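Note that the structure is predicted; figures quoted are calculated from it, not measured. Here is how names work: the chains are called A, B, and so on, in the same order as the sequence lines, proteins then strands, and each is numbered from 1.
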Amino acid sequence: MSSIVLGLESTAHTFGVGVCSLDGDILFNLSHTYTTREGGIHPREAAQHHEEYAPSLIHDAFKYIEENRHKLVAVAFSQGPGLGPCLRIGGVAARAISLKFGVPIIGVNHSVAHIEIARKFSITKDPITLFVSGGNTAIVDYASKRYVVLGETLDISVGNLLDVLARDLGFGFPGTPKVLELADTASRYLNVPYSVKGQDMSFSGLLTAARRLLKVGVDPADLSYSVVETAFSMLAEATERVLVLTGKQEVTLTGGVARARRLAQMLEAVCKEHESHFTVVPSNLAGDNGAMIAYVGSMLYRSERYLRIEESAVFPRWRIEDVEIPWRKRLD
Amino acid sequence: MEETFGLEVISTLVKGAEAYIYLVNFFGQKAILKYRKPKQYRNTVLDTKIRSERTILEARLITRACLAGINAPTVLAVSKVHASILMEYIEGVNLLKVDENNLLTYVPTIASDIGVLHKNGIVHGDPTLANIIISNDDIFFIDFGLGEFSYDTEHRAVDVNLFLKVCQALKPNIYGDILAMFKENYFKILGPKQGEQVLDRVKQIRMRGRYVDERREKN
């Protein structure tokens, strides 16, 4: 029996519900992901998916809360960044829960949630974070009360690259796991463009080359391997630069693409060379989920960062540098 | 070691993310050796390609910069196989360590030098204060490791933005003067038309980041 925060996630393909205690323990984490047989995410259809699944997921969460006699003290939701139609479903649900139960509503930045949930499992508690997912590719550091992006993609995200490749190979959404699987069966490395500029990366040239090679009829496994290997090497190199630049002692990996074993392997090698730690977020918390929203919600609750209903509109664009981080001290 | 051309290593100056910089003894004179170490985590084909391509490109950039009349360390030898460059050692002070008043006296030359590089199709790639050295009152550009050959406004603007961004962050009090001086002297070399194009693009670049506020208001 403890005081808990409910968290709702709905930025893109996944509707998730999570429960976290005020001590930061994750108690409940359930989600449902919109999938397609072929093609990518259609924002309206994803929103319809959330509309369909949200009631039963929320119902299950409340059932859990009641059975364990927990006390709901606040509801947190992903306020952005993300797809507008999807975000709004989470927003509507959060407002309804806030009004019905008379508990405060808390807006959480989705990117900050991915970073914080990984930091929870880190060793030094002050790592640099490689955040890689369908919509994001960023290397983030914490400095003077804010998260700052020190390296990022200049065009598409690495998840986007792999998702589009998957789509072209005929896999539905999410296709990235299938591309990674296929890559394991490859026999040779094909020459594809590699582009790191300082701490930033560009993936669009790699995608164009991959699509061209696919049309020429190269072996899909070799192509998958070459694209994955090149993209992950770019991430590893950019991360290495940020690690050396900041002098931090740890790299942590988070976001949906954090589940890729090969990427973790490369980063581990980078960290070893610079005598730093490497940690990766647990795989059930890697992709979008409600637990990470509840977790950040519980920290914001302790800082009393509540929203009035009028302030709870969603922000499809919300840069991480604009988010205040009241729970971290200057030097944590 | 083959990657040091068999020369005696006096000390390791930098263990960077990409390369190691050694101070070596070159027949009684000090010289710099930049060695791009193999990355164990990378596929060997890809790793060899990246390291040798970057080494050759960097050596060419330095040489072309020297030919254009810009001070940069003379390239003494290059090994494609071992991804290393042997070059002149520049004795001097890093621009990071120069105080504000002194920095201002160097800005006009730095600006026209960057202009000369750009006019000759050379983009330095990382012209931050740390990569500019004052030696006997002459300005030397080092570390062309992120550079490229290009006449593209975009690439030029990235260069200019890097220099200005670092000045703005480290010397906010004199940034206004730096910007004015930079513009004046950069324009003298590149001409007002191309100069203006580059500076306009710098503004655009600053707006381009993901989820930037200015962009939201514009839409």
Side-chain angles (χ1 to χ4, degrees), chain A residues 80-82 109 111 135-138 149 152-155 157 186 188-200 225-226 228-230 232-245 262-274 315-323, chain B residues 14-21 36-54 57 123-128 130-131 143 145-148 150 152 154-155 157-159 161-163 165-166 169 204-219:
Chain A
N109 179 293
S111 308
N136 295 274
T137 301
V149 176
E152 63 185 319
T153 176
L154 298 170
D155 37 57
S157 75
R188 71 190 184 110
Y189 178 81
L190 308 166
N191 197 358
V192 285
Y194 178 100
S195 176
V196 172
K197 303 189 174 193
Q199 287 95 243
D200 294 332
Y225 169 71
S226 308
V228 167
E229 197 69 12
T230 307
F232 289 179
S233 296
M234 284 161 63
L235 291 168
E237 184 179 4
T239 306
E240 184 173 12
R241 283 177 191 273
V242 173
L243 183 65
V244 171
L245 188 79
R262 181 70 182 121
L263 178 58
Q265 214 176 48
M266 285 188 188
L267 291 168
E268 195 158 16
V270 166
C271 290
K272 207 173 157 193
E273 194 172 328
H274 296 278
F315 304 135
R317 283 183 182 157
W318 189 9
R319 258 194 95 85
I320 198 166
E321 286 99 335
D322 297 335
V323 185
Chain B
V14 185
K15 277 189 179 179
E18 195 194 2
Y20 282 16
I21 311 279
R36 288 182 160 82
K37 274 187 62 172
K39 298 282 180 203
Q40 301 303 334
Y41 61 79
R42 270 198 299 241
N43 172 290
T44 330
V45 180
L46 175 64
D47 187 58
T48 311
K49 183 183 101 169
I50 293 169
R51 291 190 305 120
S52 61
E53 274 181 9
R54 286 183 182 173
L57 177 64
V123 172
H124 181 282
D126 195 18
T128 60
N131 285 333
D143 194 358
L146 294 172
E148 58 193 315
S150 165
D152 197 348
E154 173 77 17
H155 296 147
V158 171
D159 239 15
N161 184 38
L162 267 168
F163 177 75
K165 209 165 81 179
V166 175
Q204 287 176 32
I205 288 172
R206 290 186 175 200
M207 299 248 296
R208 209 181 282 160
R210 251 178 115 76
Y211 316 122
V212 172
D213 259 330
E214 287 86 340
R215 203 173 69 179
R216 185 185 322 165
E217 279 153 19
K218 221 172 130 187
N219 286 350

Among A/Ala236, A/Ser226, A/Ala269, A/Gly80, which residue has the highest count of heavy-atom pairs closer than 4.5 Å to chain B?
A/Ala236
When only pairs under 4.5 Å are counted, which of A/Arg241, A/Glu229, A/Arg262, A/Lys197 shares the most heavy-atom pairs with chain B?
A/Arg241
Tell me, out of B/Lys39, B/Gln40, B/Glu148, who's got the most heavy-atom pairs with chain A below 4.5 Å.
B/Lys39
Of B/Ile50, B/Val45, B/Leu46, the largest count of non-hydrogen pairs under 4.5 angstrom with chain A goes to B/Leu46
Heavy-atom pair with the smallest gap, counting every atom of B/Ser150 and B/Val123:
O-CG2, 3.8 Å
So for [X], is it side chain, backbone, both, or neither that comes closer than 4.5 Å to the heavy atoms of chain A?
{"X": "B/Glu18", "answer": "side chain"}
{"X": "B/Asp126", "answer": "neither"}
{"X": "B/Leu162", "answer": "neither"}
{"X": "B/Leu146", "answer": "side chain"}

Between B/Lys37 and B/Tyr20, is there a side-chain heavy-atom distance shorter than 4.5 Å?
yes
Region of A/Glu237 in contact with chain B, defined by heavy-atom distances below 4.5 Å
both
Can you name the side-chain contact (heavy atoms from CB on, under 4.5 Å) partners of A/Val242, sequence neighbours left out?
A/Ile128, A/Ile139, A/Leu150, A/Gln199, A/Thr246
Side-chain (A/Asp200) to main-chain (A/Leu154) donor-acceptor, under 3.5 angstrom:
no
Does a side-chain N-to-carboxylate-O contact under 4.0 Å join B/Lys15 and A/Glu240?
no
To the nearest 0.5 Å, tell me how far B/Asp47 CG sits from A/Tyr194 OH.
8.5 Å
Rounded to the nearest 0.5 Å, how far does CG of A/Asn109 lie from CG of A/Asp322?
9.0 Å
